[in-house]
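Accompanying notes for the structure given below.
Letters A, B, ... mirror the listed sequences (proteins, then strands); counts begin at 1. Hydrogens, waters and symmetry mates are skipped; everything else that's a heavy atom, side chains included, is used.
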There are 4 protein chains.
Amino acid sequence: MPARTHRIVIGVMGPAACDPQTAQMARAIGRGIAERGGVLLCGGRGGVMEAAAAGAREIAGLTIGILPGTSARESPPNPFIDIALFTGLGEARNWLNVCASDAVIAIGGGFGTLSEIALALKAQKPVVLVGSWHFEIEGVVPNAPRASSAAEAVGLAFAAVGEAAKR
Amino acid sequence: MPARTHRIVIGVMGPAACDPQTAQMARAIGRGIAERGGVLLCGGRGGVMEAAAAGAREIAGLTIGILPGTSARESPPNPFIDIALFTGLGEARNWLNVCASDAVIAIGGGFGTLSEIALALKAQKPVVLVGSWHFEIEGVVPNAPRASSAAEAVGLAFAAVGEAAKR
Amino acid sequence: MPARTHRIVIGVMGPAACDPQTAQMARAIGRGIAERGGVLLCGGRGGVMEAAAAGAREIAGLTIGILPGTSARESPPNPFIDIALFTGLGEARNWLNVCASDAVIAIGGGFGTLSEIALALKAQKPVVLVGSWHFEIEGVVPNAPRASSAAEAVGLAFAAVGEAAKR
Amino acid sequence: MPARTHRIVIGVMGPAACDPQTAQMARAIGRGIAERGGVLLCGGRGGVMEAAAAGAREIAGLTIGILPGTSARESPPNPFIDIALFTGLGEARNWLNVCASDAVIAIGGGFGTLSEIALALKAQKPVVLVGSWHFEIEGVVPNAPRASSAAEAVGLAFAAVGEAAKR
């Protein structure tokens, strides 16, 4: 494989509605991604997605929203999205959110977020959990580190992307 | 909404490789779905998917496989599939498996199966778990009943479809 | 590749609204597909899709509808659909219609139909045109035979599936 | 609808292999899009897609590639792509290319390009044709202006986006 020439994209996944504490965490994570030169990708709507995009934009980071509808009329992006990619795929866009990211940080709950965690693990993308779902099967817990601060979450995500690049 | 004129479709989700005991369970569930007049939908490959389709075919039930590739060359269906629907969507077909089913029975592990459980809950489709993933968030376990026998799993799935029809 | 064990699926593509003459043609084509033992696949809505499904059902042929919404509430199938596969993919389901068919018969106009013709040719699926789009580039017309009767259209589609099977 | 806060995205569609003259045209169009502040979106591969991205990058324009695979290993982006959005959707990504663009410029031939033209017209996105497909039905030619120079193509695309914004 030739040397990588495209930018690092970190996806931040979480529900469209969240409490202020979760929003603050998402904002700090979004900012942290931008500080390290990453592109912030999210679902483009409110809640965790808006807070993360707002955080990245605090320091002029680039933000991408993967929207469910075919146009801004159908699914308006939050005001912190630079590039609104309309998909017309509805909830099937969850797969895209994962595929289009080098690593995924999941914040908080929601079934969409759980699906994105599972799809990321399926696609062998690194996943970092921040106060999100717990899941196990027959006593085995899959490999997805948990972070308790924004700095830790961002650090783990970028480290995992670095590791993946060496493979 | 007009009266329903199309058939009931029950999706059976599970990994492409499984132990004999899981396969036996999947086979009994597939047969049970066909006995109640349901169409068996699965991912069309081996393991749980093949066993479930084989079970339905024991009594001439109709079986549908939602395949990842664009043709039988790319992703050959198992020999118990009547209708092989090639999608060319790869793992994004997980969303289809869920949307195309009236209810979903998840058997065993795998990240694909976990994503299908989450996507079904997101799409408000009934989900029945058979020895599959445990998941919770902040101590809350989502509403997805666990069955310990094939008969119980099939009974729960059809009952849930009946309930959903009344809503 | 092992011997084929799944059924032949012929897709009939066309607009959701059409004149009586086009509907009659679609109906005769649907019936012809069922007479030859094929499964009729369509977009599951009205117009050409409903007429083709009605034709197949005249002689108890099996009919599949690939619907845009996630449920019958969002996109009710026409009453001649046996298996309603909800996709939640909106117009992106056009790709599925094509991938899931062994051959495609396009009847009449509409941009959706033109996209299905193009996607079928891209996916190297046989395409038969019945009074549909004309298209060429630099004077070259792609290989998609035109039929002037239902019998001719069905004959060409099954012949092409037979040819493809030998490759 | 609130005031638009996200950037204008122009999609350039065309085959993965092309002659030098077509590549030169694509390059001039990509540059023209960037000169007017637009984001260049393409399929991320070679031929027309690479030439258009290279043109945008000549003046530091932002370029997005919508790739068919799930990772750079599966589908390496061309070296002029800033943001490589892997989709894992194969050719179904054509729908995305169209939905994610405010307007589409189609250069040259290929069935994928024809499908993108048709999907764009279906999604009511403006389409500009540069030496690409001719298509009509019953003597009616759909509304998609033809441009004979890069400047004309870019001008028509941005004018159409402006018109669409007023609707």
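- Separating the CG atom in D:Leu129 from the CE atom in D:Met13 is a distance of 12.5 Å, to the nearest 0.5 Å.
- Taking C:Ile137 as the reference, D:Trp133 meet the side chain to side chain contact (heavy atoms under 4.5 Å, CB included) condition, with sequence neighbours excluded.
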| field | Test side chain to side chain contact (heavy atoms under 4.5 Å, CB included) applied to C:Arg7 and C:Leu62, step by step | value | CA-CA 10 Å; C:Arg7 296 183 62 183; C:Leu62 187 67; 3.8 Å; yes
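- Looking at every heavy atom in both residues, C:Ser149 comes nearest to C:Glu152 through OG-N, 3.0 Å.
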| said: Evaluate D:Leu67 against D:Leu85 for side chain to side chain contact (heavy atoms under 4.5 Å, CB included), listing each step before the verdict. | reply: CA-CA 6 Å; D:Leu67 279 300; D:Leu85 292 181; over 6 Å; no
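- Checked by atom type and distance alone, the side chain of C:Asp102 pairs as donor or acceptor with a backbone atom of C:Val9 at under 3.5 Å.
- A distance-only check finds no donor-acceptor pair linking the side chain of D:Ser101 to the backbone of D:Val104 [under 3.5 Å].
- A pairwise comparison of heavy atoms in D:Pro145 and D:Leu156 identifies CB-CD1, 4.1 Å as the closest pair.
- Taking each heavy atom of C:Ala53 and C:Ile81 in turn, the nearest pair found is CB-CD1, 4.1 Å.
- With hydrogens and angles ignored, the 3.5 Å screen pairs no side-chain donor or acceptor of D:Glu163 with any backbone N or O of D:Ala159.
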| Stepwise, does the side chain to side chain contact (heavy atoms under 4.5 Å, CB included) test hold for D:Ile8 with D:Phe158? | CA-CA 9 Å; D:Ile8 288 177; D:Phe158 275 87; 4.0 Å; yes
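- Within residues 86-98 of chain C, the residues having any heavy atom closer than 4.5 Å to a heavy atom of chain D are C:Glu91, C:Ala92, C:Asn94, C:Trp95, listed by residue number.
- Of the inter-residue distances, the one linking C:Asp82 atom CG with C:Thr63 atom OG1 reads 3.5 Å to the nearest 0.5 angstrom.
- Near-neighbour residues of residues 18-52 of chain C relative to chain D, defined by a heavy atom under 4.5 Å from a heavy atom of that chain, are none.
- Taking non-hydrogen atoms and a 4.5 Å limit, the residue list of residues 111-126 of chain D in contact with chain C, ordered by number, reads D:Phe111, D:Gly112, D:Leu114, D:Ser115, D:Ala118, D:Leu119, D:Leu121, D:Lys122.
- At least one side-chain heavy atom of C:Arg146 sits less than 4.5 Å from a side-chain heavy atom of C:His134.
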